[in-house]
Protein chains: 2
Amino acid sequence: MVKITDVARHAGVSPSTVSYALSGKRPISAETRQRIEASIHTLGYRPHAGARALASSRSNVLALVVPFRTGMHVPVVMQFAVSVVTAARRHDHDVLLLTQEEGEEGLRRVADTALVDALIVMDVQLHDARLPLLRALDRPSVLIGFPAEPRGLTCIDLDFEAAGGACVRHLAELGHRCVALVGSPPEVYLRETGFAQRVTRGFTAAADERGLTSTVHPCEATQAAARDMAQRLLREHPGLTGLVVHNEPLVQPLIDAFRELGLRVPDDLSVVAICPDAQAEQAPLPVSNVAVPSAEIGAEAVELLMHKLEQLPVPESTLLPPRLTRRQTTAPRSASG
Amino acid sequence: MVKITDVARHAGVSPSTVSYALSGKRPISAETRQRIEASIHTLGYRPHAGARALASSRSNVLALVVPFRTGMHVPVVMQFAVSVVTAARRHDHDVLLLTQEEGEEGLRRVADTALVDALIVMDVQLHDARLPLLRALDRPSVLIGFPAEPRGLTCIDLDFEAAGGACVRHLAELGHRCVALVGSPPEVYLRETGFAQRVTRGFTAAADERGLTSTVHPCEATQAAARDMAQRLLREHPGLTGLVVHNEPLVQPLIDAFRELGLRVPDDLSVVAICPDAQAEQAPLPVSNVAVPSAEIGAEAVELLMHKLEQLPVPESTLLPPRLTRRQTTAPRSASG
DNA sequence: GACTGCTGTCGAATCGCTTCGACGGAGCAA
DNA sequence: TTGCTCCGTCGAAGCGATTCGACAGCAGTC
């Protein structure tokens with residue numbers, strides 16, 4: 001293994017000079033720097049991560065805690081993880097993958113052994129058991145999602161409340177007067193994952209504000225449940241012409257189910273989903289949607305963390321504003337509707 | 001931060017004794033060990049990961065390289081990653097997440113900086129550009145998937161060839177005489193990802209062996225493509241009664257498309273998929289399938305790596321035998337079929 | 001009773017890098 | 001010329017573990 005002393009000897013300088021040339025923490029003359037860079041290149045030198053971490057007390061590694069089994073949509077999680085890795089690399093950091101299964105002990109372990117410099121925690125619950133720990137840890141963290149009490153933490157997420165409102169307003173502007181929200185499976189509400197409730201709140205508030213009739217329905221993510229839900233909505237709310245879906249795997253099955261029941265989308269029923277753009281675009285009939293911007297959230301979470309690592313102030317809450325794209329599943333309410 | 005010398009002082013022993021008590025590399029009397037453990041507990045000691053890595057030249061971290069954009073089914077990748085993390089933790093290792101985007105340079109970086117002890121590489125292509133590097137690296141690696149020339153490497157995957165064969169034999173035993181394979185999107189074949197070709201080979205060989213009529217059709221993973229494919233198969237192969245699907249997102253759309261064309265599953269058409277059990281079970285009509293055992297592959301990949309780290313011999317190839325589960329989409333060929 | 005062989009522990013060296021203080025020389029002001 | 005400041009570089013002291021060789025004490029052997 002080639003080490004910093006080898007480089008130093010080869011370049012005719014001292015090890016500390018090589019170190020400073022690499023880190024830029026002290027001025028080094030252009031000439032010397034070039035000689036050092038040449039030596040590094042010809043010798044193929046790479047600083048030893050452990051030695052560096054020991055000496056500098058920085059590992060340049062971030063922990064990412066991903067949900068294990070949850071109501072969360074898998075592609076969203078994956079997309080998110082990839083964007084975190086990509087963003088971290090831009091800041092010369094790597095990403096250690098932890099599963100939620102490890103729980104608090106896992107967080108404590110990677111933090112206390114100085115294996116990571118900072119943590120990103122996904123799928124935060126309203127009353128998450130890990131909150132006290134995250135507050136107490138000597139390492140900065142960023143949460144994806146909002147707990148009941150975010151003070152003293154750094155949280156980021158899509159503004160789901162505004163997203164729910166945006167969907168309703170879009171429908172209202174198209175003339176719809178009776179709308180329904182089909183949401184996450186019941187256990188997501190029970191687990192208090194926050195975002196489900198926030199969508200509901202925004203949805204209901206906007207509907208009330210515009211004087212629309214509205215109902216909310218949690219729903220399992222299966223085709224059978226979709227079919228039942230479609231029938232039930234038709235039966236219980238005959239005037240329904242606008243539907244908001246916040247349940248990724250259910251978007252297409254619901255649309256299909258309504259079709260089978262004889263409703264045309266968007267002519268008889270307008271559908272707007274809260275889901276990733278990729279999904280909305282690729283549907284057989286592209287779906288009007290509010291984007292769930294996993295990549296943006298991941299990238300921004302890393303930026304926040306980098307600021308915290310540099311002791312710069314960051315906002316406690318970051319709510320990304322919803323972006324609604326009208327595609328082909330929403331249309332003005334027809335005369336017959 | 002509490003360090004090993006603090007523990008040593010508290011327990012009235014030398015630091016090296018603490019280290020040996022922790023690692024078990026030399027005998028320590030029961031009494032001393034207990035005193036040390038008590039001190040560790042009361043002081044809340046955790047060994048510094050960097051210091052440990054530097055001294056022992058072992059970081060206890062594995063790298064996992066996941067595909068970025070690919071024909072691979074996202075939930076399979078995720079499932080796989082989670083099982084790798086879980087298995088690694090059982091061996092007191094952590095997992096560093098790399099994206100394929102980083103390419104060879106990324107592998108070289110984490111290996112040469114001694115950030116990781118070993119690597120797991122997913123989505124290996126037949127003529128993967130990373131193979132020479134992986135052969136040359138001073139750190140062991142395990143590949144998920146088989147390149148054209150696996151010699152000198154350690155590879156593991158489902159035995160896709162046997163899986164293709166198993167599907168055909170299952171259909172043959174039910175009396176079917178004309179079968180088709182609907183496979184991955186064309187680009188997966190072009191990218192030479194190996195598993196697509198292997199399924200085809202096993203499928204065709206088994207069909208020939210049993211004297212069945214067989215055809216193979218790559219297919220995009222969209223609903224529209226599924227519909228076209230169903231129509232085309234019906235038109236071109238009127239005698240078709242057995243279908244093998246090796247394309248996760250297409251399984252349900254294909255079944256739906258055939259239904260819409262008036263075919264009953266399994267009465268008129270038997271369908272067997274190569275897909276994760278979870279997907280097969282959760283379908284509206286549970287699908288007969290050969291399991292893609294991501295979790296097993298991930299766990300076994302970690303075991304192989306652990307053996308290699310201990311210098312134990314491991315097989316160059318590990319092919320997991322296919323496991324076919326008959327559910328509700330396959331039935332004996334009907335008289336009319 | 002001297003010798004051999006364990007068992008259990010210690011001390012010191014070492015891993016490879018960062019960082020702090022020091023210092024020589026150049027540039028500039030008085 | 002003297003005295004100050006910077007700039008660029010060096011040397012040495014850590015960072016916090018692991019590991020190797022040494023050694024004391026005790027048991028068993030001839």
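A note on names: the letters A, B, ... follow the listed sequences, proteins ahead of strands, and every chain is numbered from 1.
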Participant: So which pairs with a foot in residues 53-66 of chain A pass side-chain hydrogen bond (donor to acceptor under 3.5 Å, both in side chains), sequence neighbours left out?
Facilitator: A:S59-A:D117
Participant: Nearest whole Å is fine: how far is D:dG16 P from B:M1 CE?
Facilitator: 6 Å
Participant: Salt bridge check, A:E101 against B:R89: does any charged N sit closer than 4.0 Å to a carboxylate O?
Facilitator: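 No, no charged N to carboxylate O under 4.0 Å.
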Participant: List for me each residue that meets side-chain contact (heavy atoms from CB on, under 4.5 Å) alongside A:S29, sequence neighbours excluded, and say none if there are none.
Facilitator: A:E31, A:T32
Participant: Taking side-chain contact (heavy atoms from CB on, under 4.5 Å) as the test, write out the residues that go with B:L54, two or more places apart.
Facilitator: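 If we apply the side-chain contact (heavy atoms from CB on, under 4.5 Å) test to B:L54, skipping adjacent residues, the hits are A:H48, A:A51, A:L54.
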Participant: Determine the contact category for B:R46: base if any of its heavy atoms lies under 4.0 Å from a base atom, sugar-phosphate if only primed atoms, P, OP1 or OP2 are that close, otherwise nothing.
Facilitator: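 It contacts sugar-phosphate atoms only.
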Participant: Figure out the NZ/C1' separation between A:K3 and C:dC17, and round it to whole Å.
Facilitator: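 These atoms are roughly 11 Å apart.
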Participant: List in chain and number order the residues that pass side-chain contact (heavy atoms from CB on, under 4.5 Å) with A:A118, two or more places apart in sequence or in another chain; answer none if no residue qualifies.
Facilitator: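 Testing A:A118 for side-chain contact (heavy atoms from CB on, under 4.5 Å), a comparison that skips the adjacent residues, returns A:L62, A:P140, A:L305, A:L309.
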Participant: Using a strict heavy-atom distance below 4.0 Å, which residues from residues 29-39 of chain B are in contact with DNA chain C?
Facilitator: B:S29, B:T32
Participant: Can you name the residues that form a side chain to side chain donor-acceptor pair (under 3.5 Å) with B:E149, not counting sequence neighbours?
Facilitator: B:R151
Participant: Taking atom P of D:dG16 as reference, at what distance in whole Å does atom CG of B:L54 sit?
Facilitator: 12 Å
Participant: What is the distance, to the nearest angstrom, from the CZ atom on B:R58 to the P atom on D:dT19?
Facilitator: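 Taking CZ of B:R58 and P of D:dT19, I get 10 Å after rounding.
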Participant: Any donor-acceptor pair under 3.5 Å linking the side chain of A:D112 with the backbone of A:R109?
Facilitator: no
Participant: Please list, chain by chain and in numerical order, all residues satisfying side chain to side chain donor-acceptor pair (under 3.5 Å) with B:E105, sequence neighbours excluded.
Facilitator: A:R46
Participant: Measure from CG on B:D6 to P on D:dC15 and round the result to the nearest Å.
Facilitator: 11 Å
Participant: Between the two end axes of the helix from C:dG1-D:dC30 to C:dA30-D:dT1, each built from 5 base pairs, what angle do you get to the nearest 10°?
Facilitator: 50°
Participant: Just by protein heavy atoms under 4.0 Å, how would nucleotides 18-23 of chain C read 5' to 3' in B, S and -?
Facilitator: SBBBB-
Participant: For B:K308, check side chain to side chain donor-acceptor pair (under 3.5 Å) against everything at least two apart and list the hits.
Facilitator: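 If we apply the side chain to side chain donor-acceptor pair (under 3.5 Å) test to B:K308, skipping adjacent residues, the hits are B:T154.
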Participant: Just jot down the side-chain contact (heavy atoms from CB on, under 4.5 Å) partners of A:Q34, sequence neighbours excluded, or say none.
Facilitator: none
Participant: Using residues 7-20 of chain A as the side-chain source, report each donor-acceptor pair under 3.5 Å to any protein atom, sequence neighbours left out, with the distance given to one decimal.
Facilitator:
from, atom 1, to, atom 2, distance (Å)
A:H10, ND1, A:S39, OG, 2.8
A:S14, OG, A:S16, N, 3.4
A:S14, OG, A:S16, OG, 2.9
A:S14, OG, A:T17, N, 3.4
A:S14, OG, A:T17, OG1, 3.2

